[in-house]
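Heads up: the structure comes next, in structure tokens.
Quick note: residue numbers are just sequence positions, from 1. Computed over heavy atoms, backbone and side chain alike; hydrogens, waters and symmetry mates excluded. If you're wondering where the values come from, they're calculated on a predicted model, not measured in any experiment.
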Amino acid sequence: MSRKLCLFFALFFASVAFCGEQADPMVAIGKVSDFMKSAGYYFIATVDGDQARVRPFGTVNVFDGRLYIQTGRKKNVARQISVNPNVEICAFKDGVWLRLSGQLVEDTRREARKSMLDAYPSLRSMYSEDDGNTMVLYFKNAVATFYSFKGEPVEYRF
């Protein structure tokens, strides 16, 4: 790992350690969102009957004080989340990984869909806020834990 990156993560984890037992939810959401975006892709695990299902995702957006992801309503993942909203995400970058668990709640507001698509304009070739297929979901009762082999885990709740 480069010296600059080591310094970044040292400062990142040091800032987390001084946030107290429960960081401000917006600070926590910002740190989680920033990490997921910098990782580029993350994997989301859902439940399909008695079988775990994992697939890559790449969207993350902060809107109205909540952390959102996006999918298509016609996909199996959307059906799985509607049956069991408990999910877990794992993202990894430069020796640090994030595990984010919680329940996903669909936000049916057009503004939420538009915010996501504005943040990811490349998705507009497949989705629109008015297509009936674009589905945005936010995390509720989230627990985000950052891990590395070089330090203690750092946990946020929002």
Side-chain angles (χ1 to χ4, degrees), residues 1-72 75-78 80-107 112-113 115-123 127 135-158:
M1 194 179 321
S2 76
R3 190 167 202 258
K4 271 186 173 178
L5 199 54
C6 286
L7 180 60
F8 166 79
F9 283 113
L11 291 172
F12 173 83
F13 284 115
S15 70
V16 172
F18 292 108
C19 286
E21 237 175 70
Q22 181 60 43
D24 177 288
M26 285 311 299
V27 170
I29 289 170
K31 288 189 182 293
V32 170
S33 172
D34 290 348
F35 185 84
M36 289 172 70
K37 286 178 183 176
S38 72
Y41 293 95
Y42 55 88
F43 290 86
I44 183 168
T46 59
V47 177
D48 188 11
D50 64 352
Q51 178 65 48
R53 302 287 181 200
V54 179
R55 80 271 294 149
F57 266 56
T59 56
V60 61
N61 192 38
V62 176
F63 174 74
D64 204 17
R66 295 178 172 147
L67 184 72
Y68 283 77
I69 65 169
Q70 180 274 335
T71 191
K75 294 182 177 182
N76 287 335
V77 66
Q80 293 157 8
I81 292 168
S82 69
V83 171
N84 183 346
N86 296 299
V87 301
E88 187 161 281
I89 283 174
C90 187
F92 180 85
K93 182 174 181 189
D94 299 322
V96 177
W97 64 99
L98 165 69
R99 289 179 56 192
L100 170 61
S101 62
Q103 293 86 42
L104 286 175
V105 178
E106 182 178 8
D107 188 333
R113 294 188 303 273
S115 177
M116 178 65 78
L117 294 174
D118 287 349
Y120 292 89
S122 63
L123 291 177
Y127 298 101
M135 184 178 194
V136 292
L137 306 115
Y138 65 86
F139 270 91
K140 179 177 134 186
N141 301 321
V143 178
T145 310
F146 288 92
Y147 298 88
S148 84
F149 290 117
K150 298 183 183 213
E152 294 297 313
V154 178
E155 183 179 282
Y156 292 108
R157 294 177 180 266
F158 54 89

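Using cut-offs of 30° and 60° on the angle between ring planes, the pair Y42 and F57 is tilted.
In this structure, L100 CG and F158 CZ are separated by 5.0 Å, a value rounded to the nearest 0.5 Å. Interatomic distance, CZ of R53 versus OG1 of T46, reported as 8.0 Å (0.5 Å rounding). Atom CD1 of I44 is separated from atom CG of L137 by 8.0 Å, given to the nearest 0.5 angstrom. In this structure, CG on L104 lies 4.5 Å from CD1 on I69, to the nearest 0.5 angstrom. Here the CZ atom belonging to R55 is positioned 9.5 Å from the NZ atom belonging to K75, to the nearest 0.5 angstrom. For the atom pair SG of C90 and OH of Y147, the computed distance is 9.5 Å after rounding to the nearest 0.5 Å.
Closest heavy-atom contact between Y68 and A112: CE2-CB, 4.1 Å. Of all non-hydrogen atoms in Y127 and T71, the two that sit nearest each other are OH-C, 4.2 Å. Heavy-atom minimum distance, V143 versus R157: CG2-NH1, 3.2 Å. Taking every heavy atom of both residues into account, A78 and M135 meet most closely at CB-SD, 3.5 Å. Between E88 and S101, the shortest heavy-atom distance links the atoms OE1-CB, 3.6 Å.
A heavy-atom distance below 4.5 Å is found between the side chains of M26 and V62. Between F146 and Y156, some side-chain heavy-atom pair lies under the 4.5 Å cut-off. Between M36 and I89, the closest side-chain pair of non-hydrogen atoms falls below 4.5 Å. Contact of the M116 side chain with the F63 side chain is not registered, since no non-hydrogen atoms from C-beta on lie closer than 4.5 Å. Side-chain contact between L98 and V32 is present, with at least one heavy-atom pair separated by less than 4.5 Å.
Proximity of the aromatic rings of F35 and W97 is defined here by a centroid distance below 6.0 angstrom, and this criterion is not met.
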- Query: Would V87 and I81 count as a side chain to side chain contact (heavy atoms under 4.5 Å, CB included) if you check the C-alpha gap in whole Å, the side-chain angles of each, and the deciding distance to 0.1 Å?
  - Reply: CA-CA 8 Å; V87 301; I81 292 168; 4.1 Å; yes
- Message: The test is side chain to side chain contact (heavy atoms under 4.5 Å, CB included); show your working for N61 and Q70 and say whether it passes.
- Response: CA-CA 9 Å; N61 192 38; Q70 180 274 335; over 6 Å; no
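Shown here is Y41, whose OH atom has no more than 12 heavy atoms of other residues, nucleotides or ligands within 6.0 Å.
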